[in-house]
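Only one structure is covered here, and it is reproduced in the block below.
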Amino acid sequence: MSIFTSRWPGYAAALWALAYGALGAGWALGAPGYPWGATDPDPDGALSILARTTPGFGWVIAACCLATGITALALTRRSSRRAPLFAAGAIAALLVLVIPDSRLLMGVAYTPLLLVAPVFGWGLGGATFADAWPWPVLNQLVCVLGGLLLAAAALAYRRGEERGRWFTPQRGRVAVYVAVAVPLVYCATRWAWALGIPLGVSAEFLAEGEGGLWLAGAYLATFGALGGLLTLGLTQRWGEIFPRWMPGLRGKRVPPLVAVIPAGFVSIIVTVAGLTYLRWAVAGQFALAEWGAWLPECFWPIWGTALGTATISYHRRRRTTDRKAISETPSLRL
């Protein structure tokens, strides 16, 4: 049974709403762990849109979770009504794109570096997983999970309808090229800084990061560039069949979710990070003369949207080809 033809996403989303609503009520009543406000290690209070809230906001969280739970349960029933879909879309967008901030991307990007650092004896200034994933950032993952469950419930609610016709292989191919090209602007600035070239910044700005900060930036740039290369797999044969240089896997079919899950998640966190930078830019927190430090990130929502489009197009194409293969192979229909 397909993941989108059962009712479990709606029940799971309702259960998430119940649990998170209980957390909100607990914070409002004085329980520790409120992830925003004074307990958030955001030095300037500028990253999260909820940075200025207090634990009393937990009552608002509880009320919103009640509405989320009702919406999720409504999505488990067969109906032609569109109201639950509209409500689910708005709530899912809030949980997935608005509440999280750029630290979610930073946590994901630095995790591989923290994993290999002990092997090479790198100190990383004493940075640990607790620094990359403090509770306020882990809480963002919890919110994204709730939004994705609700989105899955909305897809299940629409079962039997023709959907996603916009996500054609042709558009998916164009989206892949966009998703590969956009991050290269960011990569160019960070690689230049690591080489001592003040691309898009002043010499004084560049000097502030000579203690190793720009090497970390070059690592992030390389991480993004490699991700761009992997994005090509959404339109290449090696994204469907494991290549010959992979012992034990060569020639075997690539399970679609092996590509869809990481690519879909990256499309979310990249978009979220870009929206954070756009919010700062609109608030006038950046200097135009230092455009290299912020302008490339403002294009990340385009990167994330393109990657999401390419991922959905890949998923639909693989689903179509798999169904065709099953229909043409008698032994697979048994």
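These values consider heavy atoms only, across backbone and side chains, with no hydrogens, waters or symmetry-generated copies. From a predicted model like this one, the values you see are computed outputs, not experimental measurements.
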Looking at every non-hydrogen atom in both residues, tell me the closest pair between C143 and L95 and how far apart they are.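 That closest heavy-atom pairing would be O-CB, 3.4 Å.
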Spell out, as yes or no, whether a donor-acceptor pair under 3.5 Å connects the side chain of [X] to the backbone of [Y].
X	Y	value
E290	S202	yes
W36	P55	no
Y314	T309	no
R7	L75	no
T231	V180	no
R171	W166	yes
D131	T128	yes
Y34	T39	no
W291	V201	no

Measuring from atom CZ of R279 to atom OG of S102, what distance do you get when rounded to the nearest 0.5 angstrom?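 These two atoms lie 8.0 Å from each other.
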Looking at CH2 of W193 and CD of E208, how far apart are the two atoms once the value is rounded to the nearest 0.5 Å?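 The CH2 atom of W193 sits 10.5 Å away from the CD atom of E208.
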Option from F205, W191, Y219 for which ring-ring contact (aromatic ring centres under 6.0 Å, His included) with W214 holds: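 Result: among F205, W191, Y219, F205 is the only option passing the ring-ring contact (aromatic ring centres under 6.0 Å, His included) with W214.
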Got more than 12 heavy atoms from elsewhere within 6.0 Å of CZ, F129?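 Correct, the count exceeds 12.
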Which donor-acceptor pairs under 3.5 Å do the side chains of residues 259-274 make with protein atoms, sequence neighbours left out?
unit_1, atom_1, unit_2, atom_2, d
S267, OG, G264, O, 2.5
T271, OG1, S267, O, 2.7

Cationic N near anionic O, under 4.0 Å, D40 to R52: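 Salt bridge between D40 and R52, a charged N being under 4.0 Å from a carboxylate O: no.
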